[in-house]
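What you see is a predicted model, and the numbers here were worked out from it, not measured in a lab. Chain letters run A, B, ... following the sequence lines, proteins first and then strands; every chain starts at 1. Only heavy atoms go into these numbers, but all of them, side chains included; no hydrogens, no water, no symmetry mates.
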Amino acid sequence: GAGVSQTPSNKVTEKGKYVELRCDPISGHTALYWYRQSLGQGPEFLIYFQGTGAADDSGLPNDRFFAVRPEGSVSTLKIQRTERGDSAVYLCASSPLRGHTDTQYFGPGTRLTVL
Amino acid sequence: GQNIDQPTEMTATEGAIVQINCTYQTSGFNGLFWYQQHAGEAPTFLSYNVLDGLEEKGRFSSFLSRSKGYSYLLLKELQMKDSASYLCAVSSGAGSYQLTFGKGTKLSVIP
């Protein structure tokens, strides 16, 4: 497809469980971002990948959150021991990384509900 | 710290013009973005400003004043489909292009 895709679109889990959220960026985009959006709020930055490496993970709220991008394309956001406060829409974005004028293109998000 | 303010909600009439303001206080500045987000959907890119002045793109225009930490998005000839949230975001990190978003302005267009 032409855009950023994310799977699953919805995920319901129980408190304490482990979840994985997947992002397929636009083909050829070097940069990949994860954001989290709670109801009535703007997206909040979590982590940024440049290629395979996490160039900036300062937005990850704690060590229960981890993300990988092993081949520089698809990324997986992993959340251990989920808590009810983790419920949100998790957005992925990618960009071609042409400098600070880079435009980020967002996927449709994964709505995570922790019961 | 980073702080971006925009009105929570606005209402405007179909065919009219509406201006959505955004003020920001950030530790750096690489540019300001406006995104449109319909309920339950992904944010979609509308405009980008890095220099002072007005950028026009069809029915949408965006203005930036870096000295005042101020931007606005101007929507002309409003259509019902323009009902959405409008997100102001600043790119400010050195070496990281993360965006810091405001909470968004929910625009309702009424007949």
Side-chain angles (χ1 to χ4, degrees), chain A residues 1-7 9-10 23-26 29-51 53-60 67 88-111 113, chain B residues 1-9 20 22-24 26-51 55 57 62 64 66 71 73 84-107:
Chain A
V4 178
S5 62
Q6 293 186 245
T7 54
S9 55
N10 280 283
C23 172
D24 279 272
I26 294 172
H29 278 192
T30 304
L32 185 146
Y33 304 78
W34 283 99
Y35 293 84
R36 176 168 71 173
Q37 187 173 26
S38 300
L39 193 64
Q41 304 292 316
E44 174 190 22
F45 170 76
L46 296 177
I47 187 170
Y48 155 60
F49 286 90
Q50 186 172 327
D56 183 355
D57 64 358
S58 61
L60 295 177
V89 176
Y90 288 80
L91 294 165
C92 175
S94 70
S95 71
L97 198 63
R98 296 193 187 118
H100 60 260
T101 59
D102 232 21
T103 296
Q104 296 179 28
Y105 298 92
F106 284 81
T110 293
R111 181 176 298 278
T113 303
Chain B
Q2 318 281 62
N3 189 48
I4 299 177
D5 287 317
Q6 48 182 133
T8 304
E9 294 185 32
I20 302 174
C22 171
T23 58
Y24 64 89
T26 58
S27 55
F29 184 81
N30 292 329
L32 187 143
F33 295 79
W34 285 95
Y35 282 83
Q36 179 190 60
Q37 187 175 30
H38 286 97
E41 297 183 11
T44 55
F45 170 75
L46 288 178
S47 69
Y48 168 76
N49 295 71
V50 66
L51 299 176
E55 293 282 342
K57 196 185 281 189
S62 57
L64 175 67
R66 289 172 296 170
S71 174
L73 180 69
S85 284
Y86 291 85
L87 300 164
C88 173
V90 172
S91 173
S92 59
S96 171
Y97 306 115
Q98 59 165 287
L99 294 176
T100 301
F101 283 86
K103 293 184 178 181
T105 298
K106 184 177 179 182
L107 174 67

Discussion item. Return the CG to CD distance between A:Leu46 and B:Gln98, rounded to the nearest 0.5 Å.
Written reply: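 A:Leu46 CG to B:Gln98 CD: 10.0 Å, rounded to 0.5 Å.
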Discussion item. I need the residue from B:Ala89, B:Pro43, B:Gly104 with the largest number of non-hydrogen atom pairs under 4.5 Å to chain A.
Written reply: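 The option with the most such pairs is B:Pro43.
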Worksheet item: Which atoms form the tightest heavy-atom contact between A:Pro108 and B:Ala42, and what is the distance?
Response: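 Closest heavy-atom pair between A:Pro108 and B:Ala42: CA-CB, 3.8 Å.
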Discussion item. Does any backbone or side-chain atom of A:Ser58 lie under 4.5 Å from a heavy atom of chain B? Answer side chain, backbone, both or neither.
Written reply: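 Side chain only.
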Fill in: Matching residue for A:Gln104 among B:Tyr35, B:Phe33, B:Phe45 - test: side-chain contact (heavy atoms from CB on, under 4.5 Å)
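The side-chain contact (heavy atoms from CB on, under 4.5 Å) with A:Gln104 is passed solely by B:Tyr35 among B:Tyr35, B:Phe33, B:Phe45.
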Worksheet item: Quick one: what part of B:Leu99 sits under 4.5 Å from any heavy atom of chain A, side chain, backbone, both or neither?
Response: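 Contact with chain A involves both backbone and side-chain atoms of B:Leu99.
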Practice prompt. Name the region of B:Gln37, side chain, backbone, both or neither, that has any atom closer than 4.5 Å to a heavy atom of chain A.
Written response: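 For B:Gln37, side-chain heavy atoms alone lie under 4.5 Å from chain A.
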Worksheet item: A:Arg111, A:Gln6, A:Gln41: which one forms the most heavy-atom pairs within less than 4.5 Å of chain B?
Response: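 Heavy-atom pair counts peak at A:Gln41.
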